[in-house]
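Numbered from 1 within each chain, the chains take letters A, B, ... in sequence-line order.
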Amino acid sequence: MTRMTMIEAIRDAHDVAMERDDRVVVFGEDVGYFGGVFRCTAGLQEKYGKTRCFDAPISELGIVGAAVGMAAYGLRPVIEIQFADYVYPAIDQIASEAARLRYRSAGDFTCPLVIRMPTGGGIFGGQTHSQSPEAFFTHVAGLKTVMPSSPQDAKGLLLAAIEDPDPVIFLEPKRLYNGPFDGHHDKPIVPWKKHELGDVDEGYYSTDLGKAVIRREGADVTILSYGTMVYVAEAAAEEAGVDAEIIDLRTLLPLDLETIKASVEKTGRCLVVHEATKTSGFGAELMSQVQETCFYHLETPIVRVTGWDTPYPHAQEWDYFPGPSRVIDALHQMMEN
Amino acid sequence: MTRMTMIEAIRDAHDVAMERDDRVVVFGEDVGYFGGVFRCTAGLQEKYGKTRCFDAPISELGIVGAAVGMAAYGLRPVIEIQFADYVYPAIDQIASEAARLRYRSAGDFTCPLVIRMPTGGGIFGGQTHSQSPEAFFTHVAGLKTVMPSSPQDAKGLLLAAIEDPDPVIFLEPKRLYNGPFDGHHDKPIVPWKKHELGDVDEGYYSTDLGKAVIRREGADVTILSYGTMVYVAEAAAEEAGVDAEIIDLRTLLPLDLETIKASVEKTGRCLVVHEATKTSGFGAELMSQVQETCFYHLETPIVRVTGWDTPYPHAQEWDYFPGPSRVIDALHQMMEN
Amino acid sequence: MTTIRPLSLNVPEPECRPGDEPDFSDFVIPKAGEVARPPIDADPNDITDMAFSIIRVLNANDEAVGPWADTLNNDELIEGLRHMITLRTFDARMMTAQRQGKTSFYIQHLGEEAIGCAFRVALRDGDMNFPTYRQAGLLIAGGYPMIEMMNQIYSNSQDPLHGRQLPIMYSSKEHGFFSISGNLGTQFMQSVGWAMGSAISGDTKIATGWIGDGSTAESDFHAAMVFASTYKPPVVLNIVNNQWAISTFQGIARGGVGTFAARGHGFGIPSVRVDGNDYLAVHAVAKWASERARAGHGPTLIEHVTYRAGGHSSSDDPSAYRAKEESAAWPLGDPIERLKKHLIGLGIWSEEIHAKEQQAILDQVIAVQKEAEAIGTLGAGKMPSPRDMFEGVYETMPPHLVRQRQEAGY
Amino acid sequence: MTTIRPLSLNVPEPECRPGDEPDFSDFVIPKAGEVARPPIDADPNDITDMAFSIIRVLNANDEAVGPWADTLNNDELIEGLRHMITLRTFDARMMTAQRQGKTSFYIQHLGEEAIGCAFRVALRDGDMNFPTYRQAGLLIAGGYPMIEMMNQIYSNSQDPLHGRQLPIMYSSKEHGFFSISGNLGTQFMQSVGWAMGSAISGDTKIATGWIGDGSTAESDFHAAMVFASTYKPPVVLNIVNNQWAISTFQGIARGGVGTFAARGHGFGIPSVRVDGNDYLAVHAVAKWASERARAGHGPTLIEHVTYRAGGHSSSDDPSAYRAKEESAAWPLGDPIERLKKHLIGLGIWSEEIHAKEQQAILDQVIAVQKEAEAIGTLGAGKMPSPRDMFEGVYETMPPHLVRQRQEAGY
Ligand SMILES: Cc1ncc(C[n+]2csc(CCOP(=O)(O)OP(=O)(O)O)c2C)c(N)n1
Ligand SMILES: Cc1ncc(C[n+]2csc(CCOP(=O)(O)OP(=O)(O)O)c2C)c(N)n1
Ligand SMILES: [Mg+2]
Ligand SMILES: [Mg+2]
């Protein structure tokens, strides 16, 4: 056990994977000599050499396309998109190529590939450093989508993603890189050093994809969330004094429906919380599956608290960000019916 | 009134718009001299000249990016993406640029732009000529998303889209280009000439975006659908002998929630039918909004019948396509509870 | 000071549309043998002129001349002719089968057979091609069983791709043929990535990327050129300029530059043009470029100058946008005719042998076709199971797909 | 036959990393005045050499020499110097304000001031620039009120963009400055589209596109070149090669070709390089290229050779990836110093005047800053209303956004 930031845990996962498997290669914009704008790959080029960790031209299409080719060759590329907001130029290579290669070639070619990207807001990054595009990926058959919320999970899930035989979208909540964040932006920042979830196992371990974890047991309402919003939900439940069960999904696809079902059948209420814009966000899919599987257990409508259907604004960051007060209001409203 | 195919109606809409407004320019792959692989722009270059209707290089990014620039200049580009499956290279110009230009410039620059694309399967087009990517667009704030199901609507909605001050994604169900299709692929094809919805008003008219239409009145269950699936739903309702109310959404965003709400409150049951893959499809958003607004009126869980979470296969087209039998099963199941 | 006149948009038009006289007089064709053959480690800057000429081996009398000649012996030449005849025969039969409703779609190679057939012979087993839908010559010349191709085209129960893919979207790792994507251009960038993988691994294998003239406008073309220019992986990047996209002539993609090969100059990549209808020339250039790659001299860009003599696909009728006579007027002739005459000139072939050979190949293709059709054609006979539709989306089927498969009743 | 050795990947490295001696000896700098000034209708093929040289006007003694000199009179030169000083002063103040927490982010132009400032002067009102985040010189020289810039940077209640955009992502249609996108490259293609719009409309306005060295790798660069090459719209495409992306040196994007300007040769677009730290040279080239565009001769590609003397942004510390000494060793010097010396040489300027001018401009900037800060800074004072967050997503707010706005309590 060592206390680490999420950044250190991600770097450590790369290190362990590269040590264990020569096929693991790491590249992306500024990931080589400098070690990434968030330093998630710092030291890897020095340790493993320029041909296993290197800087790429500023072409997300090229980075993903090159990785698809390398994966088809037999390597296990782990690539970084500098911000999730910049993944769009690569969507064709992801959705039309990486995701469908195994299927369309009937397993003749495969695409074991991890695409990492810092995600979400809360850092005054404005419209193009704050987005949460997870819903796009969950709509594409052939992709797996993961979003950790702690250093321990980040390392274990990243190692599992690298070992996965299929392409994995690995979304890193950048607001959690250096410490948990419960949405109280006016309060002093808590570093991971001061938080138990900053404890990371040394060396190799992996955390199964497709398994959610219950962050807080509760009897009255189930909160489904992931990434930064898990901490917001925790703070809100405490402050609202509601006995909420909080599920950190960790993997959005494949989804751990069993854990969700068991909880909602127990509580009879379900609140979905995410930072992405509302319409056609992943919350819609969660609401639909809960409604499909737990309808007769529901005592109140399923509610979602999300980012608004606008671009992510700069000055109005905290009006956009779905913070504790909005979650608290939702909880109270749900407990009233 | 003239009987037209949907192709003729779309071409007619272009013609009317170009006649009325010099700012309307049309371009895309093979749309100029040849008039488009589906002939939706046939004759326009001859009539309006090479600089108002022309062939573009095979770069969806370039086509949309050029259109964004032209729209900012003051023109009203109407562009064609040859198949919706090929829109991915242009997603960045659509989601990061066209959709956000008005917002980020506080109205200083705007982007009146129509992006047309043939959508959906049923023509043995395989993985890359069959997709229904509407959910992506509805998740992007700043876009409007439209899908007509008849020649009359196609012309009226396209004219409204061209006049709209904001970017509109105009999805054309290619299986309906030449006639309605109820999913009975073994039955002889019905041409629009033989169908009343093939009656198209002459000259200029426009059909409001954001307004759904009730295709069939009913008391027992509300079916929400759009595009090709409207006909499948109609056939299924008839064959199932279920008194279903069928709503053709026509515009997915902005959504006509009033019409939906009124119907579901009346019927107490809701079935969502679309061709796109299930997970995080637009059906999830529809289910969520119905659940949010009509929860206490629901007698049974909302059900969705959709394409499966796989790429669109070639040989198994009719196993993938959500045809009448699947809709009938869903209706019966719903009426049992 | 400029006087200010209203501006106007330049929209390029082909020389010839339906009704016009085909006119290729602007199309400069250098004599066979004229272009020098530089060493494989030549400095790109010293050979820029090669992007504006055309490497040709067979002259007007179909004799092999010049520095690019003599890369193949007589047996290999005869084998090459057989490959091209086989591909053309295969295409003709499959086009008819499509018209007969035995499958949904087909794309033929008419006039372009030399390119894939000759190129494949210059490669080694283990090398990987990232082809377009119009490079089945790489499979035919690579010894891929024709029955597999037909089963794929017919989407029958023996289709190696389980009916999942559109006809002719073949895939064979064993035969160095990367799964074809319906999305233009994507494979071009992937070929560079595959070659980077080979270089990173200290391997000796090379990759080839393929793209059409129209598709060079796609973003993947640029990404491939940038990455190839920077990392210098062992890849041969091929542009097949068959003069047309669908209804759009190559001038719309090429724009204001003389040739597609010239695109390579902006990247410091050796760029050459070759007579794509000259089997010997294509092979010689393929050999040169693949030797460069294998020797560690990095990427080469090759523009194959050819002509799409048929429709774009079974869905296309070219008479709507180009003169019927254009194909016959194409100055570089027909690849099979030219190689045939060359072999006759060498005294190792004759019209009689040719006719016999054609008949033999036709019989063989028909036999295989019978075999394939006995298994099934699209929607008839033995078909891939619907159950299979749910397989292979992931290595192991996740719960939601298992549920959907069960819901579907499989 | 090549002997087969294991392959390896080529990963370019800069000459100099922290700890190394800066070394620009490989960097060939032609003498000022050396490059000819072709007529604006010159055939691109006759001037390809311009992509490998550098147009320079100010020589080692800061005298204006050669065919590109004399495009500006003394008053204009003094005005240009003022613009550059203003931009640098503005940057310095705003960088400090960012460090003081008055805003979240800032990007300065240190060392690159000549480019936007000189270019803007060669344009006309009505022309449209599609800038990167490092071309605020286009606004300063275009007379855009500094107070608007600061209000935007501070996201206060007077921010013309209502607090929606990251600092320095300005937009001003009136001042010919297209809304800046945080996504690299996109505006390059849009500038070509805007110019196509002007040409389609028979207008006389031109567009300029701007992109950084690193961003030329993006797909939008290729699309812009393809469309510009084909439709020949009135656009000037500018690559600002300041040697670095963030921590990535220009060699990773440039790859195996000598210069970025050479990219234009693959498209038949006249492509030139200019000393980006030479105000007179930038202006002369901008004038030449915009005259070409306005006269209907189509696009020009310009590589501005300069050096990013500061960090990439307020979030960046360049000492982590490049030698501190590199900036001082940069051979093309400082644009303000050079123009200052030139004016002194002309006898129309002096160190005293310069010092006075600097002070006057500083006072002016401080005055405007006080005014802006009196309104508000990020998160303090008068701020844009949260209600506004919901406005302007569409021209008229659709029902679902109205509901959300009400839910938010506005
Ligand atoms: C991304 C994408 N855009 C458009 C298409 C539709 N399309 C299929 S083939 C074709 C023309 C390609 O022309 P070219 O690259 O010259 O190849 P050729 O068919 O001549 O071999 C087009 C536009 C596609 N398949 N993918
Ligand atoms: C599509 C996209 N990818 C990545 C980034 C992150 N990013 C911002 S600036 C930058 C470097 C750009 O370098 P260059 O083009 O040389 O411009 P310069 O900053 O030197 O002016 C990067 C990688 C981005 N903003 N957009
Ligand atoms: Mg072609
Ligand atoms: Mg730079």
Side-chain angles (χ1 to χ4, degrees), chain A residues 22-23 25 27 49 51-52 54-75 77 89-90 92-93 95-112 141-144 164-167 209-210 251 253-258 289, chain C residues 128 130 159-162 164-166 169-174 177-183 185-203 205 207 209 218-220 222-224 226-227 229-231 233 235 388-389 391-396 398-401 403:
Chain A
D22 290 347
R23 299 171 306 169
V25 293
F27 61 103
T51 63
R52 286 190 64 201
F54 54 90
D55 292 325
I58 303 171
S59 168
E60 290 73 20
L61 184 165
I63 291 165
V64 175
V68 171
M70 289 180 199
Y73 172 82
L75 297 181
D92 192 40
Q93 283 284 350
S96 307
E97 301 298 317
R100 290 210 303 262
L101 185 54
R102 175 189 295 279
Y103 191 80
R104 77 181 197 219
S105 71
D108 198 20
F109 294 93
T110 62
C111 196
L143 300 178
K144 297 179 179 178
D164 197 273
D166 291 302
L209 305 187
T251 302
L253 196 134
L255 184 68
D256 184 354
L257 190 57
E258 275 53 48
Q289 292 199 32
Chain C
M128 186 59 65
F130 289 74
D159 171 4
L161 306 184
H162 306 190
R164 294 172 188 162
Q165 276 277 56
L166 207 59
M169 300 280 175
Y170 314 107
S171 172
S172 174
K173 190 173 193 173
E174 184 192 346
F177 194 91
F178 187 74
S179 159
I180 294 177
S181 172
N183 296 59
T186 50
Q187 75 287 346
F188 211 58
M189 179 62 229
Q190 292 159 358
S191 71
V192 173
W194 196 98
M196 288 172 72
S198 177
I200 288 169
S201 311
D203 200 344
K205 302 192 189 76
E218 284 289 5
S219 303
D220 307 86
H222 181 63
V226 169
F227 279 63
S229 178
T230 296
Y231 302 110
V235 65
D388 188 277
M389 171 174 66
E391 305 283 345
V393 182
Y394 303 88
E395 188 183 66
T396 41
H400 68 284
L401 269 176
R403 283 194 302 273

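Remark: the backbone N or O of C:M389 is paired with a side-chain donor or acceptor of A:Y103 at under 3.5 angstrom.
If you measure heavy-atom distances from A:V25 to chain C, the contacts under 4.5 Å come from the side chain alone. For a residue to count as touching a neighbouring chain, one of its non-hydrogen atoms must lie under 4.5 Å from one of that chain's; by this rule A:D55 touches chain C with the backbone only. For chain A, the nearby part of C:I180 is the backbone; its heavy atoms alone come within less than 4.5 Å. For A:A56, the parts lying near chain C are the backbone and the side chain together; criterion is any non-hydrogen pair under 4.5 Å. Only the backbone of C:P160 comes within contact range of chain A, with heavy atoms under 4.5 Å apart. For A:P165, the part lying under 4.5 angstrom from a heavy atom of chain C is the side chain only. Neither the backbone nor the side chain of A:R23 comes within contact range of chain C; no heavy atom of the residue lies under 4.5 Å from a heavy atom of that chain.
Considering only heavy-atom pairs separated by less than 4.5 Å from chain C, the leading option among A:T51, A:V64, A:L75 is A:L75. In terms of non-hydrogen atom pairs under 4.5 Å with chain A, the most contact-rich of C:T396, C:D203, C:D159, C:V226 is C:D203. Listed options A:L255, A:D22, A:I63 were ranked by heavy-atom pairs under 4.5 angstrom with chain C; first place goes to A:I63. Of the residues considered (A:S105, A:P254, A:G74, A:G107), A:S105 shows the highest number of contacts with chain C, using heavy-atom pairs under 4.5 Å. Chain C forms the most heavy-atom pairs under 4.5 Å with one residue out of A:D108, A:L257, A:D166, and that residue is A:D108. Of the listed residues (A:M70, A:R102, A:K144, A:E258), the greatest number of heavy-atom pairs within a distance under 4.5 Å of chain C belongs to A:R102. The candidate from A:V68, A:L143, A:D164 with the greatest count of non-hydrogen atom pairs under 4.5 Å with chain C is A:L143. Between chain A and the options C:Q165, C:K173, C:H162, heavy-atom pairs under 4.5 Å are most frequent for C:K173.
The closest side-chain heavy-atom distance from C:L401 to C:Y394 is below 4.5 Å. Residues C:P233 and C:F227 form no side-chain contact, since every pair of their non-hydrogen atoms from C-beta on lies 4.5 Å or further apart. Between C:N183 and A:R100 the shortest side-chain heavy-atom distance falls below 4.5 Å.
Nearest approach of C:Y231 to A:P57, heavy atoms of both residues: OH-CD, 3.3 Å.
In this structure, the separation between CG on C:D220 and CG on A:L61 is 4.5 Å, given to the nearest 0.5 Å. With rounding to the nearest 0.5 angstrom, the CZ atom of C:F178 is 5.0 Å from the CZ atom of C:F130. Once rounded to the nearest 0.5 Å, the distance linking OG of C:S172 with CG of C:L161 reads 9.5 Å.
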With a 3.5 Å cut-off and sequence neighbours excluded, list the donor-acceptor pairs that the side chains of residues 189-201 of chain C form with protein atoms.
residue: C:Q190; atom: NE2; partner: A:Q93; partner atom: OE1; Å: 2.9
residue: C:Q190; atom: NE2; partner: A:E97; partner atom: OE1; Å: 3.0
residue: C:S191; atom: OG; partner: C:F188; partner atom: O; Å: 2.7
residue: C:S198; atom: OG; partner: C:K205; partner atom: O; Å: 2.7
residue: C:S201; atom: OG; partner: C:G197; partner atom: O; Å: 2.7

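Relative ring orientation between C:Y170 and C:F177 is described as perpendicular, the plane-to-plane angle rising above 60° on a 0-90° scale split at 30° and 60°.
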